[in-house]
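Inspection log for the structure reproduced underneath, given as structure tokens.
To find a chain, count down the sequence lines: A is the first, B the second, and so on, and within it residues start at 1. Side chains included, hydrogens not; waters and symmetry mates left out as well; all remaining heavy atoms used.
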There are 2 protein chains.
Amino acid sequence: MEYTVQKLGALAGVSTRTLRYYDEIGLLKPARINSSGYRIYGEKEVDALQQILFYRELGVSLEEIKEIVSSPDFDSVAALKEHREKLLEKQRQLDQLIKNVNATILSAEGRMTMSDQEKFEGFKKKLVDDNEKKYGAEIREKYGDAAIDESNRKLINMSEKNYEQLQALEQKMFTLLAEAIETGDPSSEIAQQAADLHKKWLCFHWKEYNKDAHANLAQMYVDDKRFTAYYDKQKKGTAVFLRDAILIYTAKQQ
Amino acid sequence: MEYTVQKLGALAGVSTRTLRYYDEIGLLKPARINSSGYRIYGEKEVDALQQILFYRELGVSLEEIKEIVSSPDFDSVAALKEHREKLLEKQRQLDQLIKNVNATILSAEGRMTMSDQEKFEGFKKKLVDDNEKKYGAEIREKYGDAAIDESNRKLINMSEKNYEQLQALEQKMFTLLAEAIETGDPSSEIAQQAADLHKKWLCFHWKEYNKDAHANLAQMYVDDKRFTAYYDKQKKGTAVFLRDAILIYTAKQQ
DNA sequence: TTACACGTTTCCGCTGCGTAAAGGTCAACC
DNA sequence: GGTTGACCTTTACGCAGCGGAAACGTGTAA
């Protein structure tokens with residue numbers, strides 16, 4: 001079986017541009033070029049492409065994929081381990097970034113105490129003109145807090161604690177909801193408390209609260225199977241009940 | 001106080017190229033241009049740059065930073081929340097990537113059973129021609145495994161379990177080490193067992209084992225304060241003891 | 001005057017393609 | 001034989017955030 005760019009592309013789920021690019025950088029050359037200059041691929045190329053796409057899915061760069069697939073005696077496991085290290089490093093950086101963003105949001109929303117605010121100012125400065133940024137950053141990240149400036153660490157931990165509080169809040173809502181569902185009445189005191197908690201939870205995620213949007217979201221919990229699955233995880237019918245409670249809750253707001 | 005590009009750059013820790021680029025994209029314009037065409041910055045620009053760099057450290061794009069800093073009534077908290085969502089999405093993708101890479105390494109190293117290997121073949125195929133990749137990927141990732149193909153989930157879980165075993169291995173080494181340190185003898189049976197566990201732990205991370213490299217690393221545990229801090233976390237002197245045990249261990253290998 | 005340490009603009013390069021533009025080729029249909 | 005439309009080709013710009021180099025002007029101290 002022989003394939004032109006479009007056929008191979010359709011088979012493997014990549015664009016023709018991608019195939020031409022892979023040819024250009026020498027990653028996947030066609031089996032031959034026909035008299036009209038068309039690229040013609042064979043079965044061997046199909047297999048090679050599968051392999052290439054597999055590594056691509058793992059986030060390996062095309063340059064490295066080339067090394068891996070071009071020489072059969074290349075140690076691909078070693079390459080993957082090296083690749084994993086890079087990914088882990090990226091993960092650590094990303095985690096740190098998220099913590100910093102969380103801390104900044106909390107600070108900006110005024111949920112910090114004054115003394116924490118002061119620390120935050122220091123943290124901000126530190127973040128910007130961190131002159132020892134490069135020196136051993138990977139190792140410090142990897143092997144922990146020992147070397148991290150103490151006040152910064154406190155701040156970050158605080159932001160984490162706040163985040164945990166948020167998850168606790170969601171948990172509490174679930175608990176209340178489970179109780180409320182026993183009464184069968186979404187307008188009951190307890191169900192309305194759950195709806196209020198849901199609003200509080202939302203406020204941390206949303207840029208600004210709006211009751212119509214809240215109501216719409218509640219409806220989506222029922223309409224979208226994936227959301228329903230999430231809320232019905234503990235008990236079936238929870239999503240519907242929560243929606244009703246929220247609709248009542250939002251309607252009651254003037 | 002007035003600054004030229006290089007002075008401001010030195011002050012804030014950025015290159016002159018960066019400052020020129022920020023001028024070019026309209027992110028930070030100099031206060032004025034002098035008669036020779038030099039960019040001249042004032043105190044106001046210093047503050048603005050600090051702010052810009054702060055957001056840059058949080059991983060915000062220059063385009064968004066421009067919006068945030070240019071209009072004072074812009075809702076920066078909302079922007080940061082949006083930014084956080086992007087980061088969280090990236091984090092989920094990265095986590096999945098790492099799991100897949102781990103699974104691949106385990107498979108390639110032959111640590112999988114045959115039946116798991118078969119699953120892995122399916123996993124590989126799935127990974128490459130995942131046609132429903134786009135549909136609701138975020139929500140699926142976010143709200144869990146309900147929709148994830150069962151056999152794949154088993155595979156990933158297995159790879160995670162294997163990874164946990166690795167951490168258990170390190171923990172075991174620490175326990176042994178604590179015991180061994182009581183004897184005070186790094187050549188004792190128990191200390192040598194700890195060194196052996198350390199080697200096993202290493203083998204998962206290293207592309208290939210080599211006793212000289214092992215010995216060198218052990219020495220570094222003592223020389224580099226950050227490593228020392230990690231190993232001495234539970235008990236001071238652990239790093240030195242571990243080094244001695246490893247030096248004896250590697251020396252004994254023919 | 002000469003050296004050299006600054007400043008300037010302009011442009012290429014990095015990754016992995018997407019998206020034109022401008023043009024040949026192949027099969028089918030009139 | 002002409003036309004249409006679905007293919008194919010190459011060339012090249014764009015994306016983010018600069019790094020680095022080339023080619024040239026300026027300020028100042030020896």
Side-chain angles (χ1 to χ4, degrees), chain A residues 2-41 45 49 52-69 83 86-87 90 93-94 97 128 133-134, chain B residues 2-41 45 49 52-69 83 86-87 90 93-94 97 128 133-134:
Chain A
E2 300 204 310
Y3 307 87
T4 59
V5 269
Q6 206 158 52
K7 285 187 186 157
L8 181 57
L11 183 70
V14 298
S15 73
T16 60
R17 176 71 179 93
T18 299
L19 290 177
R20 277 189 272 269
Y21 181 62
Y22 288 176
D23 182 8
E24 186 186 330
I25 64 172
L27 179 55
L28 181 70
K29 296 267 180 207
R32 63 190 180 82
I33 306 285
N34 78 4
S35 58
S36 314
Y38 289 17
R39 291 171 178 79
I40 308 292
Y41 299 88
E45 284 72 30
L49 182 55
I52 289 169
L53 294 182
F54 173 68
Y55 284 110
R56 191 181 71 165
E57 284 302 307
L58 297 183
V60 181
S61 74
L62 298 185
E63 193 58 38
E64 287 180 300
I65 294 179
K66 201 157 97 179
E67 289 187 352
I68 294 175
V69 301
H83 180 56
K86 281 186 225 156
L87 291 182
K90 257 176 123 175
Q93 284 177 7
L94 198 55
L97 222 58
V128 170
K133 203 175 298 171
K134 282 158 202 166
Chain B
E2 301 203 312
Y3 306 87
T4 59
V5 270
Q6 205 157 54
K7 283 187 186 158
L8 181 56
L11 183 69
V14 298
S15 73
T16 62
R17 178 72 181 88
T18 298
L19 289 177
R20 277 189 272 268
Y21 181 63
Y22 288 175
D23 182 8
E24 185 185 331
I25 64 173
L27 180 55
L28 182 69
K29 296 266 180 208
R32 61 189 180 83
I33 306 285
N34 78 3
S35 58
S36 314
Y38 289 18
R39 292 172 178 81
I40 307 293
Y41 300 88
E45 284 72 31
L49 182 55
I52 289 168
L53 295 181
F54 173 66
Y55 284 109
R56 191 181 71 165
E57 283 303 307
L58 296 183
V60 182
S61 75
L62 297 185
E63 192 59 36
E64 287 180 300
I65 293 178
K66 201 156 97 179
E67 290 187 353
I68 294 175
V69 300
H83 180 57
K86 282 186 228 157
L87 291 182
K90 258 177 123 175
Q93 285 177 7
L94 197 55
L97 221 59
V128 171
K133 202 174 298 171
K134 281 157 203 166

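- Atom OH of A:Tyr22 is separated from atom CZ of A:Arg56 by 4.0 Å, given to the nearest 0.5 angstrom.
- Between A:Glu57 and A:Leu53 the shortest side-chain heavy-atom distance does not fall below 4.5 Å.
- Nearer to the 5' terminus of DNA chain C, by closest-nucleotide assignment, is the contact made by B:Thr4 (compared with the other of A:Leu62 and B:Thr4).
- B:Leu27 contributes atom CG, which lies 4.0 Å from atom CD1 of B:Ile52 (distance to the nearest 0.5 angstrom).
- From A:Gln93, atom CD reaches atom CG of B:Leu94 across 10.0 Å, with rounding to the nearest 0.5 Å.
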Evaluate side chain to side chain contact (heavy atoms under 4.5 Å, CB included) for A:Leu62 paired with A:Tyr21, printing each intermediate quantity in order.
CA-CA 11 Å; A:Leu62 298 185; A:Tyr21 181 62; 3.8 Å; yes

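- Here A:Lys90 pairs with nothing under the salt bridge (charged side-chain N to carboxylate O under 4.0 Å, His left out) rule; sequence neighbours left out.
- Partners of B:Glu2 according to the side-chain hydrogen bond (donor to acceptor under 3.5 Å, both in side chains) rule, which considers only residues two or more places apart in sequence or in another chain, are B:Arg32.
- In 5' to 3' order, the nucleotides of DNA chain D bounding all contacts with chain B (an atom under 4.0 Å from a heavy atom) are D:dG17 to D:dG27.
- Residues from residues 30-41 of chain A lying near DNA chain C, meaning a heavy-atom separation below 4.0 Å, are A:Ser36, A:Tyr38 in numerical order.
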Please report the C-alpha distance between A:Val69 and A:Leu28 in whole Å, then the side-chain angles of each, then the deciding distance to 0.1 Å, and finally whether the side chain to side chain contact (heavy atoms under 4.5 Å, CB included) criterion is met.
CA-CA 10 Å; A:Val69 301; A:Leu28 181 70; over 6 Å; no

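- End-to-end axis angle for the helix from C:dT1-D:dA30 to C:dC30-D:dG1, using five pairs per end and rounding to 10°, comes out at 50°.
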Name the atoms and distances for all side-chain donor-acceptor pairs under 3.5 Å in residues 3-14 of chain B, with sequence neighbours left out.
unit_1, atom_1, unit_2, atom_2, d
B:Tyr3, OH, B:Glu43, OE2, 3.3

Between B:Asp23 and B:Arg39, is the side chain to side chain contact (heavy atoms under 4.5 Å, CB included) condition met? List the steps.
CA-CA 9 Å; B:Asp23 182 8; B:Arg39 292 172 178 81; 2.8 Å; yes

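- Listed by chain and number, the residues in a side-chain hydrogen bond (donor to acceptor under 3.5 Å, both in side chains) with B:Thr18 are B:Ser15 (sequence neighbours excluded).
- Within a heavy-atom distance below 4.0 Å of DNA chain C, the residues of residues 19-28 of chain A found are A:Tyr21, A:Tyr22.
- Protein chain B contacts DNA chain C over a range whose 5' and 3' limits, counting nucleotides with an atom under 4.0 angstrom from a non-hydrogen atom, are C:dC6 to C:dC11.
- For the pair A:Leu49 and A:Leu19, the minimum side-chain heavy-atom distance is below 4.5 Å.
- Under the side-chain hydrogen bond (donor to acceptor under 3.5 Å, both in side chains) criterion, B:Lys86 pairs with B:Glu64, sequence neighbours left out.
- Applying the side-chain contact (heavy atoms from CB on, under 4.5 Å) criterion to A:Ser36, with sequence neighbours excluded, gives A:Asn34, A:Tyr38.
- When the side-chain hydrogen bond (donor to acceptor under 3.5 Å, both in side chains) test is applied to A:Arg17, no partner is found at least two apart in sequence or on another chain.
- Using a 4.0 Å heavy-atom criterion, one finds that A:Thr16 contacts no nucleic acid atom at all.
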